[in-house]
Amino acid sequence: MAGLAVNVDHVATLREARKIDIPDPVAAAVLAELGGADGVVVHLREDRRHIQERDVRIIRQIVKTKLILEMAATPEMITFALDVRPDMVTLVPERREELTTEGGLDLVIHRDTISDAVRTLQKEGIPVSIFIDPDIDQIKLAHRIDADYIEIHTGTFCDAKTPTRRNEEFERIRDAAKLASKLRLGVNAGHGLGYQTIKAFRGLSEIDEFSIGHSIIARAVLVGLERAVREMVSLIKEL
Ligand code: PXP
């Protein structure tokens, strides 16, 4: 059975919209674990637009399952990861102007940088996953540079507008997962997955863990809103 790692970045996005201290992604990490998550994911971006270093350090201390740190393979981030020691690092591409991670890392172009980062982190006992598109050549390269895991980018599948395109994209994911598993890479998957798109993965036993953030936080806002309003109404009635 596949696991679920919950990405709490967007709790921090909401906090940073006001630059105050609520809602706290640390509290979200605790609640995600209470809800049965197998891990907590945070992406510390170069521009610090949501998660801050303080969040990662506190979540590192309190997490009972595991902490997965998403990051770019920069010297600054590698130094930070070696200091904080997450249970796993997922290397992702990062562009300042993007709304969110827009695609997998291209190992054809960035092979040397990524390979060096993988080796440095592994040498210090931190397993490394590489976020890549469901592309056979990328999987083979991930294997060649000795990554522990790959995370298959599911965004194109989730964004597909027609059933035909969606089926094509899912087949790419399935082939990629099967090849990676055959090469003895751990296989995670994520980006854009929601309460409908997750259903397609039934029976795809090669996937070890899904990494899901936005759809869960978005749903939490809505399923929690009624109670939150009720509580404020009740406080106002007592005035
Ligand atoms: N996996 C990776 C590598 C990501 O960069 C992200 C977004 O931060 C996710 C998974 C989660 O994506 P979403 O928030 O769309 O569920």
Side-chain angles (χ1 to χ4, degrees), residues 2-5 7 9 39 41-43 45-46 68-74 77 88-118 121 127-194 196-215:
L4 169 67
N7 178 315
D9 290 355
V41 188
V42 289
H43 182 179
R45 295 182 62 99
E46 186 198 3
I68 300 160
L69 175 62
E70 282 180 17
M71 57 177 239
T74 60
M77 283 311 308
M88 184 155 82
V89 160
T90 300
L91 295 174
V92 299
E94 218 176 86
R95 289 196 303 118
R96 256 176 191 273
E97 64 275 24
E98 69 192 357
L99 282 179
T100 178
T101 317
E102 284 173 351
L105 264 170
D106 188 338
L107 291 177
V108 177
I109 298 173
H110 301 292
R111 178 178 177 156
D112 291 346
T113 314
I114 300 303
S115 175
D116 288 350
V118 169
L121 291 160
V128 185
S129 175
I130 305 181
F131 183 57
I132 47 179
D133 289 335
D135 177 290
I136 297 303
D137 293 332
Q138 297 288 338
I139 310 274
K140 287 182 181 161
L141 279 171
H143 172 61
R144 232 168 270 155
I145 64 172
D146 278 333
D148 299 285
Y149 276 76
I150 56 157
E151 180 177 328
I152 300 175
H153 177 227
T154 52
T156 313
F157 159 70
C158 293
D159 290 344
K161 295 282 181 278
T162 65
T164 311
R165 282 290 302 128
R166 191 164 280 202
N167 286 341
E168 284 168 4
E169 284 303 323
F170 191 75
E171 274 176 29
R172 291 182 67 207
I173 292 172
R174 196 176 48 208
D175 293 348
K178 287 188 184 295
L179 173 64
S181 172
K182 218 167 104 191
L183 294 172
R184 302 202 180 287
L185 284 157
V187 187
N188 295 332
H191 208 278
L193 291 169
Q196 293 303 320
T197 44
I198 194 68
K199 293 176 184 169
F201 290 80
R202 186 173 187 165
L204 188 49
S205 60
E206 283 78 8
I207 296 190
D208 295 305
E209 195 163 82
F210 294 99
S211 174
I212 307 182
H214 187 267
S215 63

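We use all heavy atoms of the structure for the numbers below, so side chains are in, but hydrogens, waters and symmetry mates are not.
- Judged purely by distance below 3.5 Å, without hydrogens or angles, the side chains of H43 and E94 pair a donor atom with an acceptor atom.
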Task: side-chain contact (heavy atoms from CB on, under 4.5 Å) between V42 and L69, intermediate numbers included - done: CA-CA 5 Å; V42 289; L69 175 62; 4.1 Å; yes
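- Distance check: I152 CD1 to F157 CZ gives 12.0 Å after rounding to the nearest 0.5 Å.
- In this pair, H153 and F131 present their aromatic rings perpendicular. The plane angle is above 60°, beyond the 30 to 60° band.
- Nearest heavy-atom pair across D133 and Q138 is O-CB, 4.3 Å.
- Put simply, the side chain of R165 reaches to within 4.5 Å of the side chain of T156, judged on heavy atoms.
- Distance check, rounded to the nearest 0.5 Å: CG of L121 to CE of M71 gives 5.0 Å.
- Closest of all the heavy-atom pairs between T154 and A189 is CG2-CB, 3.9 Å.
- Partners of F210 according to the ring-ring contact (aromatic ring centres under 6.0 Å, His included) rule, which considers only residues two or more places apart in sequence or in another chain, are F201.
- For the residue pair T197 and G192, the shortest heavy atom distance occurs at OG1-O, 4.1 Å.
- Distance CD1/I109 to CG/L141: 11.5 Å, rounded to 0.5 Å.
- The shortest non-hydrogen separation linking E151 to S211 is OE2-CB, 3.8 Å.
- Of all heavy-atom pairs spanning A5 and V41, the tightest one is CB-CG2, 3.5 Å.
- A donor-acceptor pair under 3.5 Å is absent between the side-chain atoms of D148 and the main chain of S129, judged by distance alone.
- In this structure, the side chain of R166 does not engage the main chain of K161 through any donor-acceptor pair within 3.5 Å.
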TODO: Take M88 and N188 through the test side-chain contact (heavy atoms from CB on, under 4.5 Å) and record every step on the way to the result.
DONE: CA-CA 12 Å; M88 184 155 82; N188 295 332; 3.5 Å; yes
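- Listed for the S215 side chain is a donor-acceptor partner under 3.5 Å among the backbone atoms of L193.
- Using a 4.0 Å cut-off between charged side-chain N and carboxylate O, E168 and R172 make no salt bridge.
- Between I114 and A73, the shortest heavy-atom distance links the atoms CD1-CB, 3.8 Å.
- Applying the ring-ring contact (aromatic ring centres under 6.0 Å, His included) test to H214 and every residue at least two apart in sequence or in another chain returns H10.
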- [ ] List the steps and the verdict of side-chain contact (heavy atoms from CB on, under 4.5 Å) for V92 and L105.
- [x] CA-CA 6 Å; V92 299; L105 264 170; 5.7 Å; no
Task: Candidate pair L91 and V118, rule side-chain contact (heavy atoms from CB on, under 4.5 Å), full reasoning - done: CA-CA 9 Å; L91 295 174; V118 169; 4.1 Å; yes
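- Looking at heavy atoms from C-beta onward, L107 lies out of side-chain contact with R144 at the 4.5 angstrom threshold.
- The line from CG of D135 to CD1 of I173 is 12.5 Å long, rounded to the nearest 0.5 Å.
- To the nearest 0.5 angstrom, E70 atom CD is 10.0 Å from R45 atom CZ.
- The CD1 atom of I139 sits 13.0 Å away from atom NZ of K178, with the distance rounded to the nearest 0.5 Å.
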